[in-house]
Structure formats: C-alpha cells, structure tokens
Amino acid sequence: MKIYDTMSRSKREFIPLEEGKVKIYVCGPTVYNLIHIGNARPMLVFDTVRRYFIYKGYDVCFVSNFTDVDDKIIQAAIAEGVDADVISTRYIEECKKDMAAMNVLPADVHPLATKEIDGMIDMITELIQKGHAYVAKDGTVYFRTDSFAEYGKLSHKNMDELQSGLRELKVSGEADKESPSDFVLWKPKKDGEPYWDSVWCKGRPGWHIECSVMSKKYLGEQIDIHGGGEDLVFPHHENEIAQSECCSGKSFANYWMHNAFLNIDNKKMSKSAGDFFTVRDIAGKYDLQVLRFFMLSAHYRSPINFSAELMEAAKNGLERILTGVSKLKDGMQATQLAALLEEEKAYMQEAKALHLKFEAAMEDDFNTADAISAIFELVKLANTTGGLRASKEYMTYMYKLLVDLTDILGIITKKEEEKPDARIEALIAERTQAKKDKDFGKADAIRERLKEMGIVLEDTREGVKWKRI
RNA sequence: GGCGACAUAGCCAAGUGGUAAGGCGUGGGUCUGCAACACCCUGAUGCGUCAGUUCAAAUCUGACUGUCGCCUCCA
C-alpha cells in the first residue's frame, strides 16, 4: 500500500510501526457551529482510509479530537449569553449526528481539549525545562522555534523567508516574543473567558498543543498516520511536530496525509462570499450518502468543486449502484437455479479481476475515484449477467462482493427493509387491478398519487416494486 | 515576494512512457399499455499552448498561458 506523505512529498510504501496495527490521528473540528461540507471532507476521507485498513485486517486505532476551547467558541457563547461549554457541547452532539448520517464511524477516542488540560500543562512544563519554551512577562508561554532546527520540515518553509514575511505581525503585537515565528502554548485569560490555573497564569492553552498531547496520550509518542485538511500543514501540524518531537526526541508521525479543499465556484468556501453550506443544509435535500459518494468520486488530494449539478450527478450515479445491488438481492432470492452455470465461471473471473482493480486503486494512495469505477463495472457485469436465468450461487457471490466493496467506501447498499404499509399496498393492488382491466388512466392516476406521497413504482418481471425518494 | 497544486469529451473524473477507464448528461434503439429500471448504440484522431527528449509522450524536460491553495483563524 502506498501513501502520499506531505513531509517527503512522495508516495511511500506503508510500513506500520507495529506489525498489523495502525495508529491514526486526525485533527477534528472546532465546535462553534454546525459543521460545514468542507469539514466533512476530511471526515469522509479518513473514515474511508480507516475502513480500508480494517478491510485489510489491520487493528486500527483511530483518534480524532474536538477542539472545544477557542476564540470562536467564546465569541459564540458571548453572542448567545451562555457559557462556552454550552456551545461546544451542543455542537459536538450535532456534529456526531451529521457524522452518523454520513456513515462515518465514531473514532475509537474522541478526546476533548478541555478534558486534557493537565496533560497540556505537563507538556508545556517539559518544553520549558528542555529550553524549547519560555514565559513572557504577562504569563504567556511561547514555543521557541529557533530551538528546533527542523522547524519547517513538513511545510518546507525556509525560516529566513518566513521571518521577513512575519515582520508586520511582530510590529503589530506579541512584542514579548523572541522570534516572530514563535507560537503560543499558553495564554492569559481575558474577562469572561474560560480559564484554568497554571504556574504561569490563569489562562488557556494555545491551539496547537492539544493535538500533540491527545495524540501522545491515546496513541503514544509515535504514530503511523496524522491527517487533516491541507490548510493545517502550516502552522498547525508544523507546530505539533515541534512540540511533540522536542519532548519525545522521536519522530512524531510516519505519514502525513492532507486532503485538498472542497470549493464552491472553484474557490475556497467562505462565509463572507455567501457560499456556505452546512452538512445539515445538504441533509435537507439529499441522503448524506450522496454527499459521501460525491466526495469520494474525486481523489482526496485534488480540490473538488461543489455544486447542485454535481450533487445531482452523484445522486444518479449512486442510484445506479444501489439499484444494481438491489436487483442482485431480489434475483438471488427469486432464482430457481442453485448451482453455478458454466458461463458464470467466466463472469466470476471478470468479477475477481474487478475486485483486484478496486484493491489496486485503494492501495495506490486511496484512489477512491478509480475504485468506484471498478464498482460501476461490477454493477454493469451484474446487470448484464444476473437475473432470473442466473444461479443463486453466482448472484450471491456478486451481491456479497458489491456489498463488501461499497462498505469499504462507507456506502450502504443493503437497503433497510421497508415496513409494510397497508395504505400503499392497497393502492398498488388497486393499480394492478386497473392495469389488468386496461384502465390505464386510473392506473396512472394512482401512480401519480403515490408519487406525490414520495413513492416511486417500478413494474418488474417479479412484480411491482416501490421505493421512497 | 516565498512555497506548492492543478489544466483530459457538454459536465465530473481515472490514467503518469506503449497508443485515452468509469460515471452523469445528450441523442437513437430494445423492453414496457405508458413510465421507471436495465440493456445495446452514440461520444476526445486527441489530453491548456509552443518547443524538446524518445522507436514511442496525456504521461518526461523547458518555456508560456490560465486557475487555485498555503505563507494569518481556517477542513
């Protein structure tokens, strides 16, 4: 399996730290509002990465935090006149609902920054002791970037150039910093803000320290994969490396994975531009499986553009897969042929080749777009070779294969059994009778009526089928 | 200014040296009372432009054009 590593800027063969195990840490959202569709991309990407590792038989430990103390949360709390934890608790719950609706597996651990303050104080203390951090007059603790010779190795930044670029910041504030690139580990509280006691001052942690601490606590000093959006490369992940490696003296993460952005009108989504969608907005119009399928239809390192047209295309494409799997399921239950037919052996070979294509795509830095193409080809194969004249063994094989592969992508194809609805069944029976009587006007009227109820009918050889839209 | 990414049919999108996957959409057809589903057919003599390397380039090299991102909170 090859993974593109931001640090080395190349695809590298994946070798776990410990045989058969994978430790993954993904930076989670700051919970000051409902998550937006941009937040959803890393969630879906890394959930799929995780699912593939599980499929491969790895013992995966997946940790993703919620940042629940932050300026934006405090602002939202002030605006609503409530405590910050009211805001963060609320949006963590909402975020979990969205994740569940996108079929994102809950992390093995979802640590909260506010519950890990002791660990942060310990790490900051250690950094100060080792000369990697210092306390300013007002009690702010800064990381001393000059003390870490490798600072900039992830983002490939030249520190001298960075210095000149940051000159303006130096003038505008934080005058106590030794160097403009030094960053905050601990800062004093302001009135009305949540705070914790420390030997430096009453205050709260900087943003970067939490991930170093939580990663260390739940996964150890060294992890296999650290992931997040590409905007986190600098400074967030660069700073995490500085903090963690200065403490442990060991390499922090072996592979740095970063997803590209989800854009609107080919530009980064921004509130000010007015083009801003929450996952909840999309859920009002589509099953979030569609959003998931849409996101995975492009490679995770490519920017992806969001639009209504593309969502429609994704919806239709996903529908084709779902319909195909559904036909297989019906077929394998209805067919009278048990044993595999001679020609089906060849079809199964084709299916196996497509299974290998799927795996090869995923092995190559999680090329989900290519993997999906293998699924479409499997659906086509099933549609052309399945049906009442195919054997139960063949269709069961195809069904299981498609369910397994789509499950790796987190796409649910096993449709839940609809509860029998007497009213709908009665209308369908009435329409069937009308059709028998050649009263097509009445039959169509009933079909139209059901459509208004959100029920779409399909006349098949095995009888009338219906589904909700 | 520094660093980086991308440019493939109407749209989306794989392919990174051997002669263009897949999907959506369009048009035609088969099936069907009609519709839907499904199936068949339909699509780039060409992969931003111009040079170069090579027996061979969408794929490598250079230049150019265009788009976007990071360098500040940001998924």
Side-chain angles (χ1 to χ4, degrees), chain A residues 6 9 26-30 32 35-46 67 70-72 75 152 155-158 160-166 168-169 172 181 207 227-236 238 258-263 265-271 293-294 297-299 301-305 307 309-324 326-327 354 357 361 364 367-380 382-387 434-435 438-441 443-444 447-448 451 456-461 464-467:
Chain A
T6 305
R9 286 181 174 168
V26 177
C27 292
T30 301
Y32 63 98
I35 58 165
H36 58 249
I37 53 177
N39 291 306
R41 172 111 105 143
M43 289 176 184
L44 292 167
V45 164
F46 292 106
T67 297
D70 166 271
D71 289 342
K72 285 179 178 169
Q75 278 172 24
S155 53
H156 306 276
K157 294 203 179 298
N158 177 308
D160 294 336
E161 285 158 0
L162 214 53
Q163 303 289 60
S164 59
L166 288 164
E168 288 177 30
L169 282 177
S172 66
S181 57
W207 174 41
E230 63 180 351
D231 56 320
L232 299 184
V233 173
F234 189 90
H236 186 55
E238 196 70 71
H258 294 98
N259 63 276
F261 268 67
L262 178 139
N263 296 328
D265 291 333
N266 284 313
K267 287 190 178 166
K268 192 170 162 177
M269 183 167 68
S270 73
K271 277 185 175 170
F293 184 73
F294 164 73
S297 68
H299 188 90
R301 282 189 287 113
S302 300
I304 187 170
N305 214 28
S307 74
E309 291 77 12
L310 295 174
M311 280 298 284
E312 280 300 314
K315 181 187 170 190
N316 292 338
L318 178 61
E319 193 63 36
R320 176 176 168 77
I321 293 169
L322 265 31
T323 303
S326 170
K327 277 174 186 270
L354 290 168
K357 177 182 174 181
D364 183 16
N367 191 336
T368 53
D370 215 14
I372 286 172
S373 79
I375 287 177
F376 274 117
E377 289 180 79
L378 276 167
V379 168
K380 169 89 103 186
N383 282 339
T384 49
T385 59
K435 279 175 67 182
K438 305 278 181 200
D439 186 354
F440 298 120
D444 290 347
R447 183 166 64 193
E448 193 55 35
K451 193 176 174 185
V456 173
L457 297 187
E458 280 181 29
D459 295 329
T460 72
R461 288 184 184 81
V464 182
K465 289 202 288 190
W466 62 275
K467 63 181 178 186

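Distance A:I304 CD1 to B:rC6 C1': 14 Å, rounded to the nearest Å. Protein atom CD of A:E448 is 13 Å distant from nucleotide atom C1' of B:rA36, rounded to whole Å. If you take NE2 of A:H258 and C1' of B:rA75, they are 11 Å apart, rounded to a whole angstrom. Distance CG (A:L262) to P (B:rA5): 21 Å, rounded to an integer number of Å.
Between the base of B:rA13 and the side chain of A:H299 there is no donor-acceptor pair shorter than 3.5 Å. A donor and an acceptor atom never sit less than 3.5 Å apart when one is taken from the side chain of A:R301 and the other from the base of B:rA5.
The nucleotide B:rC47 finds no pairing partner, because no Watson-Crick or G-U wobble arrangement with both distances shorter than 3.5 Å includes it. Base pairing annotation: B:rU30 forms a Watson-Crick or G-U wobble pair with B:rA38, both donor-acceptor distances under 3.5 Å. For B:rG25, there is no paired nucleotide, since no Watson-Crick or G-U wobble pair has both relevant distances below 3.5 Å. The nucleotide B:rA75 finds no pairing partner, because no Watson-Crick or G-U wobble arrangement with both distances shorter than 3.5 Å includes it. Pair check for B:rU54 finds none; no Watson-Crick or G-U wobble contact set falls under 3.5 Å. B:rU67 is paired with B:rA5 under the criterion used here, namely a Watson-Crick or G-U wobble arrangement in which both key atom distances are under 3.5 Å. Base pairing of B:rG17 is not made with any nucleotide, judged by Watson-Crick or G-U wobble geometry with both donor-acceptor distances under 3.5 Å.
A:N316 comes within 4.0 angstrom of sugar-phosphate atoms only, judged by non-hydrogen atoms across all strands, and of no base. Within 4.0 Å (heavy atoms only), A:K327 reaches at least one base atom of the nucleic acid. Counting any heavy atom pair closer than 4.0 Å across all strands shown, A:F376 reaches sugar-phosphate atoms only and no base atom. Within 4.0 Å (heavy atoms only), A:I35 reaches no atom of the nucleic acid at all. Within 4.0 Å (heavy atoms only), A:N266 reaches sugar-phosphate atoms of the nucleic acid but no base atom.
Side chains of A:L262 and A:F294 form a contact here, defined as non-hydrogen atoms less than 4.5 Å apart.
Between A:E319 and A:K467, at least one side-chain N (NZ, or NE/NH1/NH2) sits under 4.0 Å from a carboxylate O, which counts as a salt bridge. Electrostatic pairing of A:K268 and A:D231 does not count as a salt bridge here, judged by no charged N lying under 4.0 Å from a carboxylate O.
Residue A:Y32 has its side chain nearest to B:rA75 when only B:rA75, B:rA13, B:rG2 are considered. When each of B:rG15, B:rC40, B:rC34 is scored by its nearest atom to the side-chain atoms of A:D364, the top-ranked nucleotide is B:rG15. Considering only side-chain atoms of A:K357, the nucleotide from B:rA21, B:rC39, B:rG33 that sits closest is B:rA21. When each of B:rG15, B:rA21, B:rA36 is scored by its nearest atom to the side-chain atoms of A:E377, the top-ranked nucleotide is B:rA21. Of the candidates B:rA13, B:rG33, B:rA75, B:rG33 carries the atom nearest the A:F440 side chain, counting heavy atoms from C-beta on. If you check B:rA13, B:rC37, B:rC34 against the side chain of A:D459, the one that comes closest is B:rC34. Of the candidates B:rC24, B:rA35, B:rG69, B:rG69 carries the atom nearest the A:E230 side chain, counting heavy atoms from C-beta on. Out of B:rC73, B:rA14, B:rA75, the shortest distance to the side chain of A:P235 is found at B:rC73. Considering only side-chain atoms of A:P42, the nucleotide from B:rA75, B:rA35, B:rG15 that sits closest is B:rA75. Set against B:rC73, B:rC39, B:rC11, the side chain of A:L310 has B:rC11 as its closest nucleotide.
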Dump the intermediate steps for side chain to side chain contact (heavy atoms under 4.5 Å, CB included) on A:H36 and A:M269, then the final yes or no.
CA-CA 9 Å; A:H36 58 249; A:M269 183 167 68; 3.2 Å; yes
Side chain to side chain contact (heavy atoms under 4.5 Å, CB included) evaluation trace for A:R447 with A:D444
CA-CA 5 Å; A:R447 183 166 64 193; A:D444 290 347; 3.4 Å; yes
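Of all the heavy atoms in A:R320 and A:V379, the pair that sits closest is O-CG1, 3.9 Å.
No side-chain donor-acceptor contact under 3.5 Å links A:D265 to the backbone of A:K267.
Of the side-chain N and O atoms in A:R320, one or more sit less than 4.0 angstrom from OP1 or OP2 of B:rC39. Distances shown here put every side-chain N or O of A:K380 at or beyond 4.0 Å from the OP1 or OP2 atom of B:rC37. Between A:N367 and B:rG15 there is a side-chain polar atom (N or O) within less than 4.0 angstrom of OP1 or OP2. Regarding contacts with the backbone of B:rC68, a side-chain N or O of A:K267 is found under 4.0 angstrom from either OP1 or OP2. Contact between the side-chain N/O atoms of A:N383 and the OP1/OP2 oxygens of B:rA38 is not found at any separation under 4.0 Å.
Separation of the P atoms belonging to B:rC68 and B:rG27 is 33 Å when rounded to the nearest angstrom. Between B:rC64 and B:rG1, the distance separating the two P atoms is 13 Å to the nearest Å. Distance check on atom P: B:rU8 versus B:rC60 gives 15 Å, rounded to whole Å. Rounded to the nearest Å, the gap between the P atom of B:rU53 and that of B:rA58 is 16 Å. To the nearest whole angstrom, the two C1' atoms, one in B:rG23 and one in B:rU19, are 24 Å apart. For the C1' atoms, the distance from B:rU16 to B:rA21 is 14 Å, rounded to whole Å. Only the P atoms considered, B:rG17 is 31 Å distant from B:rG2, to the nearest whole Å. Annotation: B:rA56 and B:rC40 have their C1' atoms spaced 35 Å apart (nearest Å).
Mapping A:H236 and A:A313 onto RNA chain B by nearest heavy atom places A:A313 at the nucleotide closer to the 5' end.
A:K465 NZ: more than 12 foreign heavy atoms inside a 6.0 Å radius.
For the residue pair A:K357 / A:S373, a side-chain donor-acceptor distance below 3.5 Å is found, with atom types taken as modelled.
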